[in-house]
Every structure is written in C-alpha cells, then in structure tokens.
Amino acid sequence: AARRYGNPGQRSGSSKRDKRVIEMIKQVLSTSLISLAIGFIAELLNIWLGTKFLYSFFASNLVTILVALLAVNAATMGIVLTKMRDLIDKNGNAKVFKKTRANMLLSIKEQIALIVLATVILSVKSAPAIQNIENMPFLLNSIVTGIFVYALLVLYDTAKGVLVIVDFNG
C-alpha cells in the first residue's frame, strides 16, 4: 500500500501535480471548444457567403502555417526561457516559473498535436467516400478552421507569456 499511495509528503506533491494536470486538461478543453465554435461559425459564414476561399487556402497551406507557428513559438520560448534563467540567477526562486515552464511544454505538445490532426483531417476530407456522407464536409471544414483558430490562440498565449516576463519584478 505504501508503494501505491506513497508517504503523506509524496501524496501532497502528487496532489499538486494532479491539480496542475486537471487545470491543463480544462484549459485544453476550453480552448478546443472555443476554437471549434469559431470554426463552426466561420463555416456557416462561408456557406452563407458562397465562398470556398477557406477550403482551398487551408487545404494548400494549413500544415505549413502550423509548422511555421510552431517554429515561431519555439524560438520565442527560447528567448523567454533565457530571460527566465537570468531572472532566476539574479533573484533565485525558480519555483515562480514552474507553472510557466509546464505551460510552455503543453503549448509545444498542443501544436504538434494540431499538425498531426490537421494532416489527418485534411487527408480524410479529400477522400471521395467522405464527400458523399451528408454534412461530413461541413463538419470537417469546421474542424479544420477550428485547428487554425486553436493555433492562433496558442500563439496569443505565448505572446502573453512574453509580456509577463517583461513585467516581472522578482
């Protein structure tokens, strides 16, 4: 039993980690729902306007855009992490940035997942059998637009992180 549950000191650390994981899951779900809602609205607007611009644009460019956003995000994080290291060396207290580092890692994982998901959805979307299923193109187009929106939200969060580091006073 001690091995499974650990000692009381380990459980409290584990409890904090569990709370962080739950908070991150909530954050991902919230961002996913917001992105999908915006994708759905954008798809309705495309149908209403009778345009196919987003379809062709995303089919040709989405994965490339997502990889570029990942590169920008990674480069920005490198700069932020360097500044964080300077602040830690100057002021100590590395614990202050623990959540920031965890969120940075989460954003990289999210962006990689978005690249994989976009590749899969775009591949499935182009299959003739899928085109014949009622409302399936609408659903897949909404998801593709949602993926793009999600990537923009991740980029926005990274920008906010830079501002937090700039405003940090120790």
Side-chain angles (χ1 to χ4, degrees), residues 1-43 58 62-125 139-170:
R3 183 173 177 191
R4 181 173 177 194
Y5 297 107
N7 65 38
Q10 288 175 327
R11 273 188 274 151
S12 76
S14 177
S15 176
K16 288 180 184 177
R17 183 175 46 246
D18 292 345
K19 287 179 183 176
R20 278 195 315 265
V21 169
I22 290 169
E23 186 62 34
M24 286 182 177
I25 290 170
K26 286 180 183 177
Q27 178 184 350
V28 169
L29 288 175
S30 172
T31 305
S32 297
L33 291 175
I34 290 167
S35 300
L36 288 173
I38 293 171
F40 179 79
I41 292 168
E43 180 59 18
F58 286 148
L62 182 60
V63 174
T64 304
I65 291 169
L66 293 175
V67 170
L69 288 174
L70 174 62
V72 167
N73 197 19
T76 304
M77 283 184 196
I79 294 166
V80 169
L81 288 170
T82 301
K83 181 64 175 171
M84 283 172 42
R85 173 52 52 200
D86 292 344
L87 290 170
I88 290 168
D89 290 346
K90 181 180 172 186
N91 301 319
N93 199 8
K95 293 179 185 178
V96 172
F97 294 112
K98 193 170 187 166
K99 185 177 177 184
T100 303
R101 289 181 55 219
N103 282 329
M104 287 179 165
L105 181 59
L106 175 64
S107 75
I108 294 293
K109 290 176 182 177
E110 287 172 319
Q111 288 184 300
I112 291 170
L114 290 173
I115 292 167
V116 171
L117 185 61
T119 303
V120 169
I121 296 292
L122 289 170
S123 296
V124 167
K125 186 178 158 231
L139 174 66
L140 294 177
N141 287 333
S142 297
I143 293 171
V144 167
T145 303
I147 289 170
F148 179 71
V149 171
Y150 196 112
L152 292 179
L153 292 173
V154 169
L155 183 64
Y156 174 73
D157 282 346
T158 301
K160 285 192 322 187
V162 170
L163 295 175
V164 167
I165 295 298
V166 168
D167 293 341
F168 183 76
N169 291 326

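Start at 1 with the first residue, then count along the sequence.
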Inset, instruction - Check whether any side-chain N or O of S107 sits under 3.5 Å from a backbone N or O of M104 as a donor-acceptor pair, and report yes or no. - result: yes
Legend entry - K83 and D86 ion-paired at < 4.0 Å: no
Legend entry - I115 side, atom CD1; T64 side, atom OG1 - distance, nearest 0.5 Å: 10.0 Å
Inset, instruction - Let me see the working for L106 and V28 under side chain to side chain contact (heavy atoms under 4.5 Å, CB included), right down to the final yes or no. - result: CA-CA 9 Å; L106 175 64; V28 169; 4.0 Å; yes
Legend entry - Considering all heavy atoms, the nearest I121-V144 contact: CG2-CG2, 3.4 Å
Inset, instruction - Measure the CG-CD1 distance between L153 and I38 for me, rounded to the nearest 0.5 Å. - result: 6.0 Å
Inset, instruction - Would you indicate whether the side-chain heavy atoms of N103 and M24 approach each other to under 4.5 Å? - result: yes
Legend entry - Side chain proximity check, K19 to I22, heavy atoms < 4.5 angstrom: no
Legend entry - Euclidean distance, I108 CD1 relative to M77 CE, rounded to 0.5 Å: 4.0 Å
Inset, instruction - State, yes or no, whether a side-chain contact exists between D157 and E110 at a heavy-atom distance under 4.5 Å. - result: no
Inset, instruction - Under the side-chain hydrogen bond (donor to acceptor under 3.5 Å, both in side chains) rule, collect the residues that match up with T158, sequence neighbours excluded. - result: N73
Legend entry - Atom pair CG/CD1 of L70 and I65 - distance to nearest 0.5 Å: 13.5 Å
Inset, instruction - Answer yes or no: is there a donor N or O on one side and an acceptor on the other, between the side chain of S35 and the main chain of T31, under 3.5 Å? - result: yes
Inset, instruction - Specify the closest pair of heavy atoms between A42 and T145, including all atoms of both residues, with the distance to one decimal. - result: CB-CG2, 3.8 Å
Inset, instruction - Just do the side chain to side chain contact (heavy atoms under 4.5 Å, CB included) check on L69 and V154 with the steps written out, would you? - result: CA-CA 9 Å; L69 288 174; V154 169; over 6 Å; no
Legend entry - Nearest heavy atoms of F40 and S142, plus distance in Å: CA-OG, 3.7 Å
Legend entry - Gap between atom CE of M84 and atom CD1 of I88 - 0.5 Å precision: 5.5 Å
Legend entry - Pair L81-R101, side chain to side chain contact (heavy atoms under 4.5 Å, CB included): steps then yes or no: CA-CA 8 Å; L81 288 170; R101 289 181 55 219; 4.1 Å; yes
Legend entry - Nearest-0.5 Å distance, CZ of residue F58 to CG of residue L66: 9.0 Å
